[in-house]
Amino acid sequence: MRKSVLERNTKETEVQVELNLDQKAENRLNTGVGFFDHMLDLFAFRAGISLNVTCKGDLHIDGHHTVEDIGITLGQAIKAALGDKDGIRRYGQAMIPMDESLASCVLDISGRPYVVFHATFPLERVGDFDTELVEEFFRALALNAGVTIHINLAYGTNTHHMIEAIFKAFGCAFAEAIAVTGTGVSSTKGVL
């Protein structure tokens, strides 16, 4: 089974992540940021994985350290769970509508982290979540998982819907990329 359990403890946050790429189960998410819990749940559901995340963060300052450190820890958990990446498809892509919004995500589990993020949001906050943290989360995850992620928000007017479309697109693309479709590594170099 492709799974991992990781912790990250700093003066700003205490993060625990449990990840199982081969089993879908009810996710347990308690980050202290309600909207972010909702987005992580959508990602895991669309990815077909089991994800448990808890975090005690310095939310009296803001949500930045919490969201970024969860991205770091989840990225490390993904990298650990994928191991040598034997047999995975490697590439994934999805375009997802959410009412008036349309987002796409294309990714490559290549070992080479990179993020292209083209999205702007009409509101600075959704509930207790700073919308600028969407990009911070994906950057932290990509750098620590070794994944190239391209996110494009084509259009939308409702900030909640726009962010939801992005996380759903990421989940669907991730499911496609981690699918085991053969044996060996999907690279002419022989390693990812």
Side-chain angles (χ1 to χ4, degrees), residues 2 17-31 33-53 55 63 66-68 70-75 77-78 81-82 88-109 113-145 147-179:
R2 299 177 298 169
V17 172
E18 295 179 33
L19 175 68
N20 188 329
L21 301 179
D22 295 315
Q23 181 180 28
K24 189 173 184 175
E26 186 173 340
N27 303 305
R28 294 187 315 272
L29 304 161
N30 186 10
T31 68
V33 183
F35 182 78
F36 189 47
D37 289 348
H38 180 42
M39 293 303 105
L40 291 174
D41 191 42
L42 293 171
F43 154 66
F45 181 83
R46 292 294 160 203
I49 63 174
S50 174
L51 177 62
N52 299 320
V53 178
C55 181
T66 293
V67 172
E68 183 177 39
I70 289 169
I72 290 168
T73 311
L74 180 55
I78 289 169
L82 284 171
I88 66 167
R89 181 174 284 131
R90 176 180 169 179
Y91 298 102
Q93 61 182 334
M95 182 173 283
I96 300 294
M98 178 64 195
D99 295 347
E100 85 299 339
S101 301
L102 182 65
S104 68
C105 178
V106 181
L107 58 85
D108 177 10
I109 301 176
Y114 202 88
V115 175
V116 174
F117 188 85
H118 292 158
T120 56
F121 307 110
L123 297 178
E124 292 180 7
R125 293 179 67 80
V126 176
D128 53 355
F129 183 79
D130 294 321
T131 57
E132 70 180 6
L133 297 179
V134 177
E135 184 174 2
E136 292 298 324
F137 168 74
F138 284 108
R139 189 171 318 288
L141 186 147
L143 289 173
N144 287 275
V147 177
T148 296
I149 303 173
H150 289 247
I151 291 172
N152 288 287
L153 180 66
Y155 46 79
T157 56
N158 180 295
T159 302
H160 183 129
H161 294 166
M162 296 160 84
I163 296 171
E164 186 166 330
I166 288 170
F167 273 85
K168 286 179 175 177
F170 176 61
C172 291
F174 187 77
E176 187 176 305
I178 66 169

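On a predicted model such as this, the values are computed, not experimentally measured, just so you know. Values below: every heavy atom of this structure, side chains too, minus hydrogens, waters and symmetry copies.
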What closest approach, in Å, do [X] and [Y] show between heavy atoms, and which atom pair accounts for it?
X: Phe45; Y: Asn27; answer: N-ND2, 4.2 Å
X: Ala173; Y: Ala94; answer: N-CB, 3.8 Å
X: Gly63; Y: Asp130; answer: N-OD2, 4.5 Å
X: Lys24; Y: Gly48; answer: CB-O, 3.9 Å
X: Ile96; Y: Ala169; answer: CG1-CA, 3.5 Å

Determine, using ring centers only, whether Phe35 and His160 are less than 6.0 Å apart.
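Close enough - the centres of the two rings lie under 6.0 Å apart.
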Do Phe138 and Phe167 make the cut of ring centroids closer than 6.0 angstrom?
yes
Is any side-chain heavy atom of [Y] closer than 4.5 Å to one of [X]?
X: Leu141; Y: Ile149; result: yes
X: Ile178; Y: Leu82; result: yes
X: Phe36; Y: Leu29; result: no
X: Pro113; Y: Val147; result: no
X: Leu51; Y: Phe43; result: yes
X: Thr31; Y: Leu40; result: yes
X: Arg139; Y: Glu68; result: no
X: Lys168; Y: Met98; result: yes

Side chain to side chain contact (heavy atoms under 4.5 Å, CB included) between Val17 and Asn52: does it pass, once the steps are laid out?
CA-CA 6 Å; Val17 172; Asn52 299 320; over 6 Å; no
I would like to know whether Leu74 and Phe137 meet side chain to side chain contact (heavy atoms under 4.5 Å, CB included); could you show each step before the answer?
CA-CA 10 Å; Leu74 180 55; Phe137 168 74; 4.0 Å; yes
Test item: [X] side-chain N/O and [Y] main-chain N/O as donor-acceptor pair under 3.5 Å:
X: Asn144; Y: Ala140; result: yes
X: Thr131; Y: Phe121; result: no
X: Glu100; Y: Asn158; result: yes
X: Arg2; Y: Leu19; result: no

To the nearest 0.5 Å, tell me how far [X] [atom1] sits from [Y] [atom2].
X: Leu143; Y: Ile72; atom1: CG; atom2: CD1; result: 8.5 Å
X: Met39; Y: Leu42; atom1: CE; atom2: CG; result: 5.0 Å
X: Arg125; Y: Leu133; atom1: CZ; atom2: CG; result: 9.0 Å

Output, in order, the C-alpha distance, side-chain angles, deciding distance and verdict of side chain to side chain contact (heavy atoms under 4.5 Å, CB included) for Arg28 and Glu18.
CA-CA 9 Å; Arg28 294 187 315 272; Glu18 295 179 33; 4.2 Å; yes
Show which side-chain atoms of residues 101-109 pair as donor or acceptor with protein atoms under 3.5 Å away, not counting sequence neighbours.
{"unit_1": "Asp108", "atom_1": "OD1", "unit_2": "Arg90", "atom_2": "NE", "d": "2.6"}
{"unit_1": "Asp108", "atom_1": "OD2", "unit_2": "Arg90", "atom_2": "NH2", "d": "3.2"}

Within 6.0 Å of CZ in Phe117, more than 12 heavy atoms from elsewhere
yes
Can you confirm whether more than 12 heavy atoms, excluding those of Tyr114, are under 6.0 Å from its OH atom?
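12 or below, so no.
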